[in-house]
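First comes the structure, then the notes that go with it.
As the structure lists them, so they are numbered: ligands from 1, and atoms in each ligand from 1.
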Amino acid sequence: MTQRILGIETSCDETAAAVVADGRVVLSNVVHSQIHLHERWRGVVPEVASRSHTMRILPILQQALDDAGVKPHELDAVAVTHRPGMIGCLLVGMAAAKALALRFSLPLLAVDHVQAHVHTALLAEPQLQFPALCLVASGGHTAMYLLRAPLDAVRLGTTRDDAAGEALDKGAALLGLPYPGGPAIERAALEGKADRFNLPRPMVRGNQGPDDEDWFDFSFSGLKTSLLYLLRGPGAVAPPRALDEPELRDLAASYQEAVVDALLQKLTRAADRHAPKSLCIGGGVARNQRLRERLQQEPRLRALQLVLPEMNLCSDNGAMIALMGHLQLQQGMLADMTLEPVATPQAGGKAKPR
Ligand code: KG4
Ligand code: ZN
């Protein structure tokens with residue numbers, strides 16, 4: 001019998017709901033982005049975000065059910081993001097999920113948002129080969145995981161400072177490009193020369209050489225400072241210099257390339273060390289075409305089963321939450337009405353090298 005799970009996501013600036021059948025078939029996937037509300041602040045304002053979720057959650061839930069052709073009593077469970085995220089935002093989705101669970105006597109499943117990005121590989125490719133190397137790169141997180149089996153992911157490394165998307169958002173601000181910065185830089189970079197400006201590829205290195213686990217961590221704040229100094233001189237004391245069109249295009253391309261290079265170098269190193277059979281990407285930055293192109297070109301990485309999920313499964317969505325709900329329900333990992341929101345992601349242990 002088909003098992004239908006409703007997934008609800010309100011951890012950041014997307015109000016999203018989806019119905020997924022048997023953890024594989026996306027029956028509906030509705031996302032309302034609040035980007036226009038946060039544009040003028042160049043970042044997500046928590047109070048504005050949670051208010052907007054409150055206004056949107058019921059119509060989005062209704063649409064997800066209507067699009068799927070499913071009535072609430074026909075659902076088998078409700079899954080909701082309860083971490084990590086802004087508490088006021090998480091509470092909106094959780095209140096809706098609890099109300100539905102209570103009213104229709106449905107099991108409630110508590111999902112970690114970052115783990116949902118990691119497991120998106122399974123929605124995009126049901127024949128995913130394990131272990132899978134998964135990169136999650138968004139505005140809030142940048143980390144690599146080794147997914148050894150469903151619900152068995154270990155974190156290989158994470159960012160020491162800015163997330164990759166945050167670096168793109170801040171870089172775009174320095175270049176006078178709009179928010180969100182990732183897509184703006186991608187557009188500006190299309191005709192640009194990526195080798196015109198020499199920007200650093202920040203590599204975190206531990207003291208112990210390549211055997212040091214720290215080698216799998218990322219760092220992006222130095223890259224952002226290099227761009228700042230390039231524009232305003234050392235120490236950023238000079239007024240910002242006016243950029244002509246070709247300069248702007250070339251700077252955007254050089255900056256994007258530095259971010260992509262940093263991600264690729266760490267992925268290649270992790271592939272050498274942990275011998276995954278597949279590689280998957282998730283999070284908003286995974287929408288980037290240059291990143292996708294480079295992954296398909298890099299010999300070490302293209303040799304793996306490469307899973308590049310469609311765009312609307314990369315950015316925040318309810319389908320990935322429903323998928324996690326499916327996996328957790330199979331394992332009997334049920335939550336109850338005492339479920340609380342948590343700001344931080346699940347702690348991830350370090351994987352031992354093969
Ligand atoms: O996963 P997401 O939608 O939200 C969270 O941060 O959780 O990711 C948003 C981030 C932003 O930093 C945005 O600039 C970046 O993803 N992004 C992109 C692209 N689209 C969104 N970065 C590079 N290229 C893109 N096409
Ligand atoms: Zn996300």
Contact (N/O only, under 3.5 Å) between [X] and ligand 1:
{"X": "Ser315", "result": "no"}
{"X": "Gly283", "result": "no"}
{"X": "Pro180", "result": "no"}
{"X": "Asn288", "result": "yes"}
{"X": "Cys12", "result": "no"}

Just jot down the ligand 1 atoms closer than 4.0 angstrom to any heavy atom of [X], in number order.
{"X": "Gly140", "result": "6 (O)"}
{"X": "Gly139", "result": "5 (C), 6 (O), 8 (O), 9 (C), 10 (C), 12 (O)"}
{"X": "Gly165", "result": "12 (O)"}

Handout entry: Phe216 ring center near His274 ring center (under 6.0 Å)
Key = yes

Fill in the blank from the handout: atom 7 (O) of ligand 1 sits nearest the protein heavy atom Asp316 OD2, 3.4 Å

Problem - N/O/S atom of His117 inside 2.8 Å of the Zn ion (ligand 2), strictly under - result: yes

Problem - Residue Cys12, metal the Zn ion (ligand 2), N/O/S under 2.8 Å - result: no

Handout entry: Euclidean distance, Leu168 CG relative to Gln256 CD, rounded to 0.5 Å
Key = 7.5 Å

Handout entry: Lys/Arg N to Asp/Glu carboxylate O, Arg294 vs Asp261, below 4.0 Å
Key = yes

Exercise for the section: For the pair Arg290 and Glu257, find out whether any cationic side-chain nitrogen is under 4.0 Å from an anionic carboxylate oxygen. Expected result: yes

Exercise for the section: Kindly determine whether His113 and Glu9 satisfy side-chain hydrogen bond (donor to acceptor under 3.5 Å, both in side chains), including the steps that lead there. Expected result: CA-CA 8 Å; His113 176 97; Glu9 158 61 43; 2.8 Å; yes

Exercise for the section: Could you tell me which N, O or S atom of Asp316 is nearest to the Zn ion (ligand 2)? Expected result: OD1

Practice task
Start with the C-alpha distance between Lys170 and Asp162, add both sets of side-chain angles, then the distance that settles salt bridge (charged side-chain N to carboxylate O under 4.0 Å, His left out), and finish with yes or no.
Solution key: CA-CA 10 Å; Lys170 290 176 176 170; Asp162 292 349; 3.4 Å; yes

Fill in the blank from the handout: Heavy-atom proximity to atom 12 (O) of ligand 1 ranks first, among Asp169, Val260, Val44, Asp162, for Asp169

Exercise for the section: Classify the angle between the aromatic ring planes of His36 and His32 as parallel (below 30°), tilted (30 to 60°) or perpendicular (above 60°). Expected result: perpendicular

